[in-house]
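Chain A is the first sequence line, chain B the second, and so forth, proteins listed ahead of strands; every chain is numbered from 1. Atoms considered below: every heavy atom in the structure, side chains included; atoms not considered: hydrogens, waters and symmetry mates. Since the structure is predicted, the reported quantities are computational estimates derived from the model, not experimental observations.
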There are 2 protein chains.
Amino acid sequence: MKVGELARESGLAPSRIRFYEREGLIGSIDRGPNGYRQYSRGTRQLLEIIVMAQQAGFSLGEIRNLLPPHGKGDWSKDKLVAALKTKVIEVAALQRRLSETQAGLEAVIARIEARPPGGDCFENAEAVLADLRDQVKAG
Amino acid sequence: MKVGELARESGLAPSRIRFYEREGLIGSIDRGPNGYRQYSRGTRQLLEIIVMAQQAGFSLGEIRNLLPPHGKGDWSKDKLVAALKTKVIEVAALQRRLSETQAGLEAVIARIEARPPGGDCFENAEAVLADLRDQVKAG
DNA sequence: CTTGACCTTGAAGTTCACTTTAAGGTTAGG
DNA sequence: CCTAACCTTAAAGTGAACTTCAAGGTCAAG
């Protein structure tokens with residue numbers, strides 16, 4: 001499978017796939033006698049893993065450190081599990097932050113909608129900010 | 001209040017405050033006869049609003065478009081409320097995605113921990129990915 | 001044998017949100 | 001008067017994650 005085909009299948013741009021290779025996220029790749037890259041199904045899997053990890057909030061650097069023994073098997077199970085558990089905690093923290101954000105946004109909307117057209121918006125802002133600060137601290 | 005003082009009070013670097021000014025997020029600022037910027041309490045408020053909006057996931061461009069009539073009062077209430085509501089929806093979507101991520105991570109951890117030391121990790125990966133895809137689709 | 005769609009490379013460009021640097025002007029304290 | 005700590009500007013640098021470009025090689029179809 002050449003890069004264009006892999007790109008179509010994975011939904012990633014060829015430039016992006018080659019970029020990941022340069023960055024060491026994909027191991028070394030087979031080449032045909034013409035020099036074209038020859039990808040295996042495994043690479044597609046790997047790309048999916050990379051994209052998922054990104055969606056889970058891992059940076060490319062983190063991802064590289066998580067799956068480095070790309071030579072053969074064994075992704076150093078313990079390190080991987082530890083990293084995943086850490087990420088679960090981080091995601092949970094992010095969830096809490098988002099809940100606060102959500103509440104804050106709702107509060108701001110309620111405040112703004114409660115005011116009749118006139119009124120000094122900057123005065124409102126002060127009150128709204130006070131609310132938000134309380135919520136952030138209480139969250 | 002000069003930029004250093006505002007920086008101390010707001011917790012933002014002076015360079016960042018001046019950057020926001022260049023980017024049109026803060027209106028024009030009073031200058032002393034020496035050319036030094038003279039900030040009002042309002043600017044500090046504005047900075048807090050900007051930082052909160054960023055935390056809520058607004059880009060600087062979006063923020064600029066949300067509070068542009070910085071000449072006087074009235075932040076175009078309707079536009080602001082509409083944008084906030086849109087953002088609430090986006091945040092909710094992100095929450096859902098995070099829940100899926102969370103579940104996915106837990107599933108991966110369980111899978112990995114369930115396997116005794118040996119076993120081809122790439123085979124695991126395929127099964128795990130199948131799970132994840134299902135979860136993402138079902139979520 | 002030419003056209004067009006593919007592939008290769010290295011290098012440079014892009015966007016975002018800043019920070020750092022360079023070269024100066026100002027001001028408070030000893 | 002000097003020094004250190006401020007302030008000013010424009011311009012360049014940073015890092016993440018890519019994309020685009022330039023200049024070429026390859027390959028299947030007509």
Side-chain angles (χ1 to χ4, degrees), chain A residues 1-40 43-44 46-68 83 87 90 94 97 101, chain B residues 1-40 43-44 46-68 83 87 90 94:
Chain A
M1 176 191 260
K2 296 183 273 177
V3 75
E5 207 182 333
L6 179 58
R8 252 168 270 128
E9 283 193 14
S10 64
L12 308 183
S15 63
R16 187 167 168 185
I17 296 169
R18 288 189 286 244
F19 170 71
Y20 285 166
E21 187 186 342
R22 276 202 300 287
E23 293 292 293
L25 288 160
I26 304 172
S28 54
I29 282 144
D30 289 350
R31 300 291 188 129
N34 45 10
Y36 289 14
R37 288 170 181 81
Q38 277 302 332
Y39 296 96
S40 60
T43 305
R44 204 198 142 170
L46 187 49
L47 286 178
E48 291 193 60
I49 292 172
I50 290 170
V51 169
M52 284 214 207
Q54 268 187 302
Q55 283 168 359
F58 289 87
S59 73
L60 296 188
E62 289 173 315
I63 296 171
R64 188 184 19 251
N65 293 332
L66 278 178
L67 23 120
K87 189 55 70 175
E90 286 174 17
L94 187 50
R97 283 231 343 256
T101 297
Chain B
M1 177 191 256
K2 296 183 273 179
V3 75
E5 207 183 333
L6 179 59
R8 251 166 272 129
E9 283 192 14
S10 65
L12 308 183
S15 64
R16 188 167 168 187
I17 296 170
R18 288 189 285 244
F19 169 72
Y20 284 165
E21 187 187 342
R22 276 203 298 288
E23 293 292 293
L25 288 159
I26 303 172
S28 54
I29 282 144
D30 289 348
R31 298 293 186 126
N34 44 11
Y36 289 16
R37 288 170 181 82
Q38 277 303 331
Y39 296 97
S40 61
T43 305
R44 205 198 141 170
L46 187 50
L47 286 179
E48 290 193 60
I49 292 171
I50 291 170
V51 169
M52 284 214 207
Q54 268 187 301
Q55 284 167 358
F58 289 87
S59 74
L60 295 188
E62 289 173 314
I63 296 171
R64 189 186 15 252
N65 292 333
L66 278 179
L67 22 120
K87 188 56 69 174
E90 286 174 19
L94 187 50

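- As rounded to whole Å, 11 Å separates atom C1' of C:dC7 from atom OH of A:Tyr39.
- As a whole-Å value, the separation of B:Asp30 CG from D:dC7 C1' is 16 Å.
- Nearest-nucleotide positions on DNA chain D for A:Tyr36 and A:Pro14 put A:Pro14 closer to the 5' end.
- The shortest distance between side-chain heavy atoms of A:Leu47 and A:Leu6 falls below 4.5 Å.
- For B:Arg64 (side chain) and B:Gly24 (main-chain N/O), no donor-acceptor pair under 3.5 Å exists by modelled atom type.
- Contact between the side-chain N/O atoms of B:Arg18 and the OP1/OP2 oxygens of D:dT8 is found at a separation under 4.0 Å.
- Spacing between atom CD1 of A:Ile29 and atom P of C:dT8 amounts to 9 Å, rounded to whole angstrom units.
- A:Phe19 has its CZ atom 14 Å from the C1' atom of C:dA12, to the nearest Å.
- Counting only heavy atoms from C-beta on, B:Arg16 has its side chain closest to C:dC18 among C:dC18, D:dA17, C:dA17.
- A donor-acceptor contact shorter than 3.5 Å links the side chain of A:Gln38 to the backbone of A:Met1.
- A straight line from CG of A:Leu6 to P of C:dC7 spans 10 Å, rounded to a whole angstrom.
- An OP1 or OP2 oxygen of C:dT27 is reached within less than 4.0 angstrom by a side-chain nitrogen or oxygen of B:Asn34.
- Atom CZ in B:Arg22 sits about 10 Å away from atom C1' in C:dT19, given to the nearest Å.
- Summarising the geometry, the separation between CD1 on B:Ile26 and P on C:dA17 is reported as 15 Å, rounded to the nearest angstrom.
- Heavy atoms only, all atoms of each residue included: B:Leu25 and B:Leu60 are closest at CD2-O, 3.6 Å.
- The side chain of B:Leu60 sits closest to C:dC18 out of D:dT8, C:dC18, D:dT20.
- Nucleotides of DNA chain D nearest to B:Gly4 and A:Lys2 differ in position, and the one nearer the 5' end is that of B:Gly4.
- Rounded to whole angstrom, the span from the CD1 atom of A:Ile63 across to the P atom of D:dA17 amounts to 8 Å.
- Regarding contacts with the backbone of C:dT9, a side-chain N or O of A:Arg37 is found under 4.0 angstrom from either OP1 or OP2.
- When all heavy atoms of B:Tyr39 and B:Glu21 are compared, the closest pair comes out as OH-OE1, 4.0 Å.
- Side-chain N/O atoms of A:Arg31 include none lying less than 4.0 angstrom from OP1 or OP2 on D:dT26.
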